[in-house]
Each structure stands twice: as structure tokens, then as C-alpha cells.
Chemist: 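Here it is: the structure, laid out below.
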Number of protein chains: 2
Amino acid sequence: MLAAERRDHLLGLLAREGKVVAKNVAADLGISEDSVRRDLRDLAAEGLCHRVYGGALPVSPAVADYATRTSVTPDGKRKVATRAAALVRPGSALILDGGTTALAVARTLPPELACTVITHSPTIAAAMIEHPLADVFLLGGRIFKHSAVACGAAAVEAAQNVSADICLLGVTGVHPEAGLTTGDAEEAAMKRALAARAADTYILASSEKIGTASRFRVLPWEDISGLITDADPGHPVAEQLMARGVEILAAD
Amino acid sequence: MLAAERRDHLLGLLAREGKVVAKNVAADLGISEDSVRRDLRDLAAEGLCHRVYGGALPVSPAVADYATRTSVTPDGKRKVATRAAALVRPGSALILDGGTTALAVARTLPPELACTVITHSPTIAAAMIEHPLADVFLLGGRIFKHSAVACGAAAVEAAQNVSADICLLGVTGVHPEAGLTTGDAEEAAMKRALAARAADTYILASSEKIGTASRFRVLPWEDISGLITDADPGHPVAEQLMARGVEILAAD
DNA sequence: CCTGTTCTTGCACGTTTCTGCGTGTATCGT
DNA sequence: ACGATACACGCAGAAACGTGCAAGAACAGG
């Protein structure tokens, strides 16, 4: 057991489980607690962990484990993300929109899933680094600060060169009459460009979006394959949508 | 047992098992530990492995995930980033490479600086969201997991459509004879494409990079305007570089 | 074929670094 | 307040390290 190996092991434990208990690690690796403590002391000196009585914690909880990160996303978005992630088949190609719900989808995808993810969101591209088998293609362009995604002519043009099996799109408004809407015209255009490149388009909409409308129309109902939401299927708007032939994928 | 054979064996072991223990290899091959140590020392000098007490590790261990690597900025990189940020004039256009040092530059740029930042790194694009007046243009392409940047044909093509005043490039090796090097051929090509689109190119190299070399050449000395480093100006390699006409920008 | 040179290799030596144990101290839970 | 546990420090043995040196192999030139 190399010293550097031990260090890596400790950092791995910190990232995976969010904590390290000196006693347990010593027992697991068959080394003395002193060595573990020494390593933790060194790591803490380099700012790579935070030393506490009994072991150590990650320096910033943000980089910690998967479970705590997903827990901070609101319950509704997590449900929607879980349902959406179930639509992604191994080996398929997925166009993923920007926004917090789409980010939750990226984090919810199985870590060992082999698929192609196409996105115009640098945040989502960065999150997909955690998925070693996923092929990530980033659509470039001018970054719109408001939503942290690439938009504009260059981004739309880049989107013309890809195609995918499904497209998961976030919107800010879902309304029976107004349709699917968002707050920015450029973003709306970009979302249309993305949806046009996939065989099936699904809308990610946690319950608070249902029944509201924003200024710019993204797509008409005919162009989408389904709506993924955690809203009650008995919700009046949901029933209206079903009457219009929109498939509702319930996320519970 | 040929010397070259031993080297290959060691590199194979590193790739296959993620580590090399000098003692074990010596016993397996029936040679002295001294020879193994000598080989490892040579490989480390070429940047092909990372020497540790007891053996060696691959130069970029998969165990150290990107999140933990980015969470801390060593002192040297912060100094280099500060010096580099000072080169960026208001209203100018900057091409920013990927990597932890470049990320430190992005974070060091004045929050209210109005400039254009062009990058192929989603991480850096995401970090630039914090700069409300900066215009960010993201170069798309296939994401290389190892360094979390867009590379490949699409990214190089996207780079052809931009130009900038200065380009800040990170490398893994700075060596008087070997020049500026990095560990991946695609990355090297991408860095060349970026450098070609800027009037001036500066290299970001914290002191631990000085005097080391990796496998793939990025640029010859003639193509760069300067080297930004926190290494001692009296460092023998620094003096050699100055003798070759390379401008050294000291970061203290 | 012989000879001188260069390079490699293994060994010996002194030095540095690591690791586990003992001791005494600090901190925690009750 | 008290026992239990975790901790830091010092120490000694062990392991790994770098360096100098000499024997041997590979090679080029005469």
C-alpha cells in the first residue's frame, strides 16, 4: 500500500460518502490509525479536507456526495428528473436543455449509463463529467447570463448538425391555451431548434409551472410527445391537456 | 531484459493497475530495485508517470475526480492567475483555455470587467456567469472527460470563427528542449487552434510544470509572447528560456 | 581481432522518509 | 466530573532513496 494510494483512497471516500472515520479506514486497509491520522493531517494542511474529531469531512459540502447534492433540489424537480431519466435508454442519444430541472436530470442519470448527451448548457456539460461512459457533445455559442446557456445564431446553427432520439426541454409556463412558454425570445428559439433535432420531445415541468404562461411561445402541443410533471393527474389543467391529446407522464 | 522493454512494462503496469511498486516489479522481473527506480525517475522526468515514495502512479489518476481537483487552488496557481488577469484590458477579447489554472484566471478577473471571453471549457463558461459585464462565447464540440473541455474537429472548426487580442493557454510541461507539451494529442491540437486565433499567446505555468515534459508538443517557443510563472527567475530552466528569447512574466 | 569508449547494471554506503508503538495530553459523551 | 476515546509527539526500526563505484556488455574504429 503506497502512501499516495492511501491519500487517494481517503479523498475518494470523502467524495463518495461525505466523511472519513479514521478508525474504520485503519481497520479496512489494515494499517495503523496513526498513519490515517497523519494522512488526514497532511490533506487538511493542503486544504483538501476538513479535519474533525474522529476523522475528516470534505472541505466544501458542494463537492460531496451524490445523495446530499440531489437532496437540495426541490422535491418536485427531483421527481420529474427521476421520471425523465427513466426515458433514457442505454446507447441512445439525448438532447438536454439547460435549467435546474434539466440539471437534476443529468445528475439523476445512472452513473454508468452509456449514452450520448447533447446540450447547450455548460453547467450540464460540467455535471456530465461525473458520468464516465456518457459521450457529451456541447453546442457552442454566445452565453446568455440569465439562464447560463448558449443561445443565438451560432448555437442554433450548431444544433442543426446533431440529431437525437429524445429531447428533454424545460419551460417556465405550461398553459392549455398559451401552450409551452418561456421568458426570453432567444431561449425560445433555441428550444425550438433543439426540439426539431429529436425524434421525441418531452417537457419537464414541475407542478408550480402548470397553469402559468410566460411571454414567448416555445412549441405548440402537436410538436411534443409528452409532459413530465409531478402535478396531480386530477389537476384541472392536466385534464384539459389530456383532452387535447397530450400524454402526461406522472412523476411520483 | 532490454531497458526499453522494462519501460514499456512499467507504463503498461501503470495503465493496467494504476500503480507501480518498485519492490514488486524488481522481484517479478528479477532485476534490482535500483534499475526500477532509475527507470521510474526517467519516466517521471518525461512526465509519463508521477513518482511517489515506494513506486509511481499514473500522471493523471482517474481516482482524483475533477470536482475535488477544482475545489482548491494551490498558491502557485493563484499567483499565476493574478498576473495573467492583469493582462486583460477592459473591452478586449480573451481566449481562455481549460484547466485549473485557467479556471483560477476566470475567477480572478475583476467582477465588473467588461470584456469578451472565448473558451472551450464548460467549467470556465459556468464560472464566467459571475461576471455580469463579460460577454462569454462558448466553443462547442465533443467533451473530453479527462480535462473537461471541448476538443475534436467540431471544436477546432468553431475556433476558426473567432479571434481575440490575447490567448491564455495552460500546459502540463515547460521544457527548454521539448518545448510546451501536454498529455493528450487532441488537446494539443485544440490549444494550437486557440493560439492561432489570438494576436498574443501567453502560457500559464505554475512552478511545478517548469522543467518537465509530456508526450505531445503544443507550440514552439516562437509562437508565444510570454510565459507566466511563479517560478524563481533565477531558476536554471527560466534562465535557459530567457536566453532563448522567451519573455518571463514573474508572478509573485 | 583487438582496443578504447560509452552505456548499463548491480552493489555498497550514508541519508532521508515512513511507520508503528509508547507516552502523556486533549476532547468527547454521559 | 469521570471514564473512554482520539489525539500529538517522540522514538526506533525498517524501508526506500540517491550517489559513487566497479564489473560487464555493446559498439565503433583501427
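FYI, side chains are in, hydrogens and waters are out, and symmetry mates aren't considered; it's all heavy atoms of this structure. Residue numbering restarts at 1 for every chain, and letters A, B, ... go by the order of the sequence lines. From a predicted model like this one, the values you see are computed outputs, not experimental measurements.
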Chemist: Can you give me the bend angle of the helix from C:dC1-D:dG30 to C:dT30-D:dA1? Use the axis through the first five pairs and the one through the last five, nearest 10 degrees.
Modeler: 40°

Chemist: Rounding to an integer number of Å, can you tell me how far B:Asp34 CG sits from D:dG18 C1'?
Modeler: 9 Å

Chemist: A:Tyr53 side chain: which of D:dC7, C:dT9, C:dG22 is closest?
Modeler: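 The listed nucleotide nearest to A:Tyr53's side chain is D:dC7.
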
Chemist: From CZ of A:Arg41 over to C1' of D:dC9, roughly how many Å is that when rounded to an integer?
Modeler: 8 Å

Chemist: Does a side-chain N or O of B:Arg6 approach OP1 or OP2 of C:dT8 to a distance below 4.0 Å, or not?
Modeler: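 No, no such contact exists.
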
Chemist: Flag the pair A:Asp75 and A:Lys79 as a salt bridge only when some basic side-chain nitrogen lies within less than 4.0 angstrom of an acidic carboxylate oxygen.
Modeler: yes

Chemist: Mind calculating the distance between CZ (A:Arg37) and P (C:dT19) to the nearest angstrom?
Modeler: 14 Å

Chemist: Which residues, if any, of residues 13-28 of chain B bring a heavy atom under 4.0 Å of DNA chain C?
Modeler: none

Chemist: Nearest of C:dG20, C:dT19, C:dG10 to any side-chain atom of B:Ser32?
Modeler: C:dG10

Chemist: For the side chain of B:Thr119 and the backbone of B:Leu96, is there at least one donor-acceptor N/O pair under 3.5 Å apart?
Modeler: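 Yes: the side chain of B:Thr119 pairs with the backbone of B:Leu96.
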
Chemist: I want to confirm an ordering. Mapping B:Gly30 and A:Ala3 to their closest nucleotides on DNA chain C, which one lands closer to the 5' end?
Modeler: B:Gly30

Chemist: Please report the closest heavy-atom contact between B:Ala148 and B:Pro122, naming both atoms and the distance.
Modeler: O-CD, 3.4 Å

Chemist: Kindly say whether, by distance alone, the side chain of A:Arg38 makes a donor-acceptor pair under 3.5 Å with the base of C:dG20?
Modeler: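 Side chain to base: pair found, below 3.5 Å.
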
Chemist: Decide if atom NZ of A:Lys145 counts as having more than 12 heavy atoms of other residues, nucleotides or ligands within a radius under 6.0 Å.
Modeler: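 Atom NZ in A:Lys145 is packed in, count exceeds 12.
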
Chemist: Between B:Ser92 and B:Val88 (side chain of the first, backbone of the second, donor and acceptor by atom type, cut-off under 3.5 Å), is there such a pair?
Modeler: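 Such a contact is absent between B:Ser92 side chain and B:Val88 backbone.
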
